[in-house]
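The structure under discussion appears below in the form of structure tokens.
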Amino acid sequence: KLENATAKAELGRASWKLFHTMMARFPEKPTEEDSLALKTYIKLFARLYPCGDCASHFQQLLKKFPPQIGSRNAAAGWACHVHNQVNERLEKPIFDCNNIGDFYDCGCGDDKKAAGE
Ligand code: FAD
């Protein structure tokens with residue numbers, strides 16, 4: 001099938017949105033189980049990402065920049081950094097990671113409870 005750049009970009013935007021929002025909601029003080037869950041999620045995300053070329057590039061990035069899963073700040077900063085690596089390769093503007101703090105809001109309302117509670 002022919003490459004469809006519009007669909008690929010749309011998938012990218014949706015995926016990054018979820019990715020960064022997940023980091024913004026990761027516990028500030030995760031348990032070991034939380035950290036393992038995030039590490040596993042990132043690894044499987046990289047493996048199963050639907051655009052094959054993107055997935056293999058991203059897997060290389062994970063080797064070079066292992067996921068930082070020790071805290072919310074570490075995870076959000078790491079995700080911003082690897083997204084910037086992708087931006088650089090695609091010749092897109094670099095995002096200022098100091099501004100990541102309030103940028104990704106899940107709209108869930110309650111920061112403490114799980115959704116639906
Ligand atoms: P996007 O890069 O999608 O970013 C969306 C928004 O996120 C931006 O508008 C900005 O507000 C914010 N943002 C930008 N940089 C950051 C940052 N560093 N941290 C936090 N927020 C930020 N496309 C390809 O053509 N080839 C590839 O190899 C490729 N690999 C990809 C790998 C992964 C894992 C993902 C998720 C996507 C990949 N994409 C790839 C898609 C590509 O990264 C973009 O999503 C797509 O090109 C649309 O770009 P965009 O300019 O709308 O902004």
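Atoms within a ligand are numbered from 1 in the order they appear, just like the ligands themselves. Throughout, numbering of the chain's residues begins at 1 and tracks the sequence. Just so we're clear, the structure is a prediction, and the values are computed from it rather than from any experiment.
In Ile94, neither the side chain nor the backbone holds a heavy atom less than 4.0 Å from any atom of ligand 1.
When the side chains of ILVMFWY residues are joined at heavy-atom separations under 4.5 Å, either directly or via intervening members, Phe103 and Met23 end up in two distinct hydrophobic clusters. By the criterion of side-chain heavy atoms lying less than 4.5 angstrom apart, applied directly or through intervening Ile, Leu, Val, Met, Phe, Trp or Tyr residues, Leu62 is grouped together with Leu90 in one hydrophobic cluster. Hydrophobic clustering, with ILVMFWY side chains joined whenever heavy atoms are under 4.5 angstrom apart, keeps Leu36 apart from Met22.
In this structure, the protein non-hydrogen atom closest to atom 49 (O) of ligand 1 is Lys92 NZ, 3.2 Å. The shortest contact between atom 23 (N) of ligand 1 and any protein heavy atom is with Leu90 CD1, 3.5 Å. With respect to atom 28 (O) of ligand 1, the closest heavy atom belonging to the protein is Arg89 NH2, 2.8 Å. Protein heavy atom at the shortest distance from atom 41 (C) of ligand 1 is Gly12 CA, 3.9 Å. Protein heavy atom closest to atom 1 (P) of ligand 1, with residue, atom name and distance, is His83 NE2, 3.7 Å. Scanning all protein heavy atoms for the shortest distance to atom 46 (C) of ligand 1 gives Ala9 CA, 3.7 Å. At the shortest separation from atom 27 (C) of ligand 1 among protein heavy atoms lies Cys54 SG, 3.4 Å. The protein atom (non-hydrogen) at minimum distance from atom 25 (O) of ligand 1 is Lys8 CE, 3.4 Å.
Taking the six-membered ring where tryptophan is involved, the planes of Phe65 and His81 are perpendicular, since the angle between them exceeds 60° and thus also 30°. In this structure, Trp16 and Phe19 have perpendicular ring planes: the angle between them is above 60°, well past the 30° mark.
Geometrically, ligand 1 and Cys80 share a nitrogen or oxygen pair separated by less than 3.5 Å. For ligand 1, the polar-atom distance check finds no N/O of Ser15 at less than 3.5 Å from any of the ligand's N/O atoms. Where the criterion is an N or O separation shorter than 3.5 Å, residue side chain and backbone included, Asn84 meets it with respect to ligand 1.
Every atom of ligand 1 with a heavy atom of Phe103 under 4.0 Å away is listed here by number and element: 11 (O). Close approach to Ile100 involves these atoms of ligand 1, each under 4.0 Å from a residue heavy atom: 19 (N), 20 (C). Listed by number with element, the atoms of ligand 1 under 4.0 angstrom from any heavy atom of Val86 are 43 (O).
Between Pro93 and Asn87 the shortest heavy-atom distance is O-ND2, 3.4 Å. What you find for Phe26 and Asp34 is that their closest heavy atoms are CE1-O, 3.5 Å. Residue Gln68 comes nearest to Ala74 through the heavy atom pair CB-O, 3.6 Å, listed as atom of the first residue, atom of the second, then distance. Ser35 and Gly70 make their closest contact through OG-CA, 4.4 Å (heavy atoms, listed as atom of the first residue, atom of the second, distance). A pairwise comparison of heavy atoms in Pro30 and Ile69 identifies CG-O, 4.0 Å as the closest pair. Heavy-atom minimum distance, Ser71 versus Glu28: CB-O, 3.4 Å.
For atom 51 (O) of ligand 1, the nearest protein heavy atom is under 4.0 Å away. Within a 4.0 Å radius of atom 8 (C) of ligand 1, the protein contributes no heavy atom.
Ligand 1 lies within reach of Tyr104, whose nearest heavy atom is under 4.0 Å from it. Look at His81 and you'll find every heavy atom at least 4.0 Å from all atoms of ligand 1.
Taking the centre of each ring, Phe58 and Tyr49 stay at or above the 6.0 Å mark.
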